[in-house]
Amino acid sequence: MAWNVFKFCTALRALGSIMIVFVLAVIGLTYYAVVIAHYGPSLFLGGFETFFAIVVLIVFHSLLVMVMWCYSSVVVTDPGGVPPNWRPLTDEEKGDADPLVGSSYGSAQLDPKQSAMVAASQEIRFCHKCKQFKPPRAHHCSVCRRCILKMDHHCVWVVNCVGALNYKYFLLFLFYTFLETTLVSLLLLRVFMEFFMEGEVDETPGSLAATFITFVLNIAFMLSILGFLIMHITLVGANTSTIEAYEKKTSPKWRYDLGWKKNFEQVFGLDKKYWFIPAYSEDDLRRMPALHGFEYPTQPDLEPLQQH
């Protein structure tokens, strides 16, 4: 029997906010190694070294601001929970409000007590842990102990679920962190190249040790985040989440896959000015129901995937 990796998340609850402290500690160590120990003092050397240090510090701080902005947004933003007593709309209640969303709830006025009947249906989804209906693509998180809208996974690094309302912020956090760790790795590699070529550097053993640790950590994060980025770019292109990709291994077609462009817009919105910041325009929030996590456009000719 295959091991369900998602059940492992329950063991992460004990870590709590320790991971946030660890992330901030790594950022602080990186800041010391890049700014205080090396490129800050280079501002006073004159010539090309000063010019290069100015460029480095501007790019480094710009990326750092974006990393911290995106990270804090993922941490503090509710990923999207199912409201108490939520129930799917009937076909009559839906009307023609959103013709792109398939009418897949059928007889949605079942009493919640009839959970056995609900569980047997592909059309109506019911969470037996929360004891209530749940929207399409929502899943129960055993760490948060509630159903999360379009849940992707529970991330120990942000001590939060990644779901419909903060998935974009999580992707941007990965993107800017990859750029920052790549920059730091290249900058500190230059320091080590000078050390091995000249045999010595003008810094204390403690500063050199901090630089070495920072270099190793940033290389490790850069390589691991690159893998995550590639995986999530693939998921966005197919309009699926990590959990859905795990569940639909045997399904050759995915009813929410509307093509790369529309799939991308369901995560990042239509307004290009907001694509690279952890926020949405008011227009996008008003005209795109998918950004709220309850309704998603579908291919009407495909049957819904059984979800749990």
Side-chain angles (χ1 to χ4, degrees), residues 17 19-40 42-43 52-80 152-153 155-190 214-237 242 264-285 291:
S17 300
M19 297 307 298
I20 295 180
V21 175
F22 176 76
V23 170
L24 295 179
V26 172
I27 292 175
L29 182 63
T30 300
Y31 192 89
Y32 170 81
V34 174
V35 178
I36 298 176
H38 294 100
Y39 290 92
S42 297
L43 291 172
F52 184 70
I54 292 174
V55 174
V56 164
L57 293 176
I58 290 176
V59 176
F60 174 83
H61 283 91
S62 298
L63 289 176
L64 182 60
V65 168
M66 295 308 301
V67 168
M68 295 301 295
W69 186 10
C70 295
Y71 182 69
S72 60
S73 296
V74 180
V75 172
V76 303
T77 301
D78 191 308
D152 188 86
H153 68 289
C155 182
V156 64
W157 293 99
V158 301
V159 197
N160 197 6
C161 258
V162 176
L165 305 188
N166 65 353
Y167 183 54
K168 173 189 174 182
Y169 310 161
F170 175 75
L171 294 180
L172 290 177
F173 169 62
L174 292 181
F175 174 69
Y176 288 116
T177 302
F178 173 72
L179 294 181
E180 183 77 306
T181 53
T182 301
L183 174 66
V184 171
S185 299
L186 293 175
L187 293 176
L188 297 185
L189 178 62
R190 178 173 179 257
T214 302
F215 177 72
V216 172
L217 286 174
N218 278 269
I219 283 286
F221 281 123
M222 178 190 70
L223 295 177
S224 60
I225 289 174
L226 176 61
F228 277 113
L229 264 180
I230 293 174
M231 181 187 77
H232 280 284
I233 289 173
T234 303
L235 294 177
V236 170
T242 301
F264 178 87
E265 291 171 348
Q266 282 191 32
V267 176
F268 288 86
L270 296 173
D271 196 331
K272 297 179 180 179
K273 298 191 298 293
Y274 287 79
W275 280 0
F276 294 98
I277 62 173
Y280 292 103
S281 69
E282 292 295 330
D283 287 341
D284 279 352
L285 291 174
L291 297 182

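In this text the structure is predicted, and so the values were computed from the model without any measurement.
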>> Taking side-chain hydrogen bond (donor to acceptor under 3.5 Å, both in side chains) as the definition, give me every residue that meets it alongside Lys273, ordered by chain and number, with sequence neighbours left out.
In response: Asp271
> Excluding sequence neighbours, so at least two apart, what forms ring pair (Phe, Tyr, Trp, His ring centres under 6.0 Å) with His232?
Replying inline: Tyr167, Phe170
>> For a quick test of reading the model, state the closest non-hydrogen atom pair linking Thr214 to Ala33 and the distance between them.
In response: OG1-CB, 3.6 Å
> Given side chains that start at C-beta, do those of Pro79 and Asn160 come closer than 4.5 Å, heavy atoms only?
Replying inline: yes
> Just how far is it from atom CH2 of Trp275 to atom OG of Ser281, taken to the nearest 0.5 Å?
Replying inline: 11.5 Å
> What pairs of residues pass the salt bridge (Lys or Arg N to Asp or Glu O under 4.0 Å) test when at least one of them lies in residues 52-78, not counting sequence neighbours?
Replying inline: Asp78-Arg146
> So which heavy atom on Leu291 is nearest to which on Gln266, and how close?
Replying inline: CD2-O, 3.3 Å
> Can you name the one residue among Val159, Val158, Leu172 that meets side-chain contact (heavy atoms from CB on, under 4.5 Å) with Val74?
Replying inline: Val158
>> Testing the basics here: between Leu43 and Ala53, what is the closest heavy-atom pair and its distance to 0.1 Å?
In response: CD2-CB, 3.9 Å
> Taking only residues two or more places apart in sequence, or in another chain, which ones meet Tyr280 in a side-chain hydrogen bond (donor to acceptor under 3.5 Å, both in side chains)?
Replying inline: none
> Nearest 0.5 Å, what's the CZ-CG distance between Phe175 and Leu63?
Replying inline: 8.5 Å
>> Under the rule for ring pair (Phe, Tyr, Trp, His ring centres under 6.0 Å), what residues qualify as partners of Tyr32, not counting sequence neighbours?
In response: none
> Residues two or more places apart in sequence or in another chain: which of them pass side chain to side chain contact (heavy atoms under 4.5 Å, CB included) with Ile233?
Replying inline: Trp260
> Who are the side-chain hydrogen bond (donor to acceptor under 3.5 Å, both in side chains) partners of Asn218, not counting sequence neighbours?
Replying inline: Thr30
> Taking all atoms of both residues into account, what is the closest heavy-atom pair of Gly80 and Leu165, and its distance?
Replying inline: CA-CD1, 3.7 Å
> Among pairs that include at least one residue of residues 168-177, which meet side chain to side chain donor-acceptor pair (under 3.5 Å), considering only residues two or more places apart or in two chains?
Replying inline: none
> So do the side chains of Leu24 and Met68 get within less than 4.5 Å of each other, counting heavy atoms only?
Replying inline: yes
> Roughly how far apart are Phe52 CZ and Leu57 CG, rounded to 0.5 Å?
Replying inline: 10.0 Å
> In chain order, what residues pass the side chain to side chain contact (heavy atoms under 4.5 Å, CB included) check against Ala279, with sequence neighbours excluded?
Replying inline: Tyr274, Ile277
>> To the nearest 0.5 Å, what is the distance between CD on Glu265 and CG on Leu270?
In response: 4.5 Å
> Can you list every side chain to side chain donor-acceptor pair (under 3.5 Å) pair that touches residues 61-76, not counting sequence neighbours?
Replying inline: Tyr31-His61
> Could you state the interatomic distance from OG1 (Thr181) to CE (Met222), rounded to the nearest 0.5 Å?
Replying inline: 6.5 Å
>> Run Phe268 and Leu171 through side-chain contact (heavy atoms from CB on, under 4.5 Å) and show every step you take.
In response: CA-CA 10 Å; Phe268 288 86; Leu171 294 180; 3.9 Å; yes
> What class does the angle between the rings of Phe22 and Trp157 fall in, given that below 30° is parallel, 30 to 60° is tilted and above 60° is perpendicular?
Replying inline: tilted
> Looking at residues at least two apart in the chain, or sitting in another chain, which of them share a ring pair (Phe, Tyr, Trp, His ring centres under 6.0 Å) with Phe215?
Replying inline: Phe192
> Looking only at heavy atoms, which two atoms of Leu229 and Phe178 are closest? And how far apart?
Replying inline: CD1-CB, 3.8 Å
> Can you name the side chain to side chain contact (heavy atoms under 4.5 Å, CB included) partners of Leu186, sequence neighbours left out?
Replying inline: Thr182
>> Taking Leu187's backbone N and O only, do any of them form a donor-acceptor pair with Tyr39's side chain (distance below 3.5 Å, no angle check)?
In response: yes
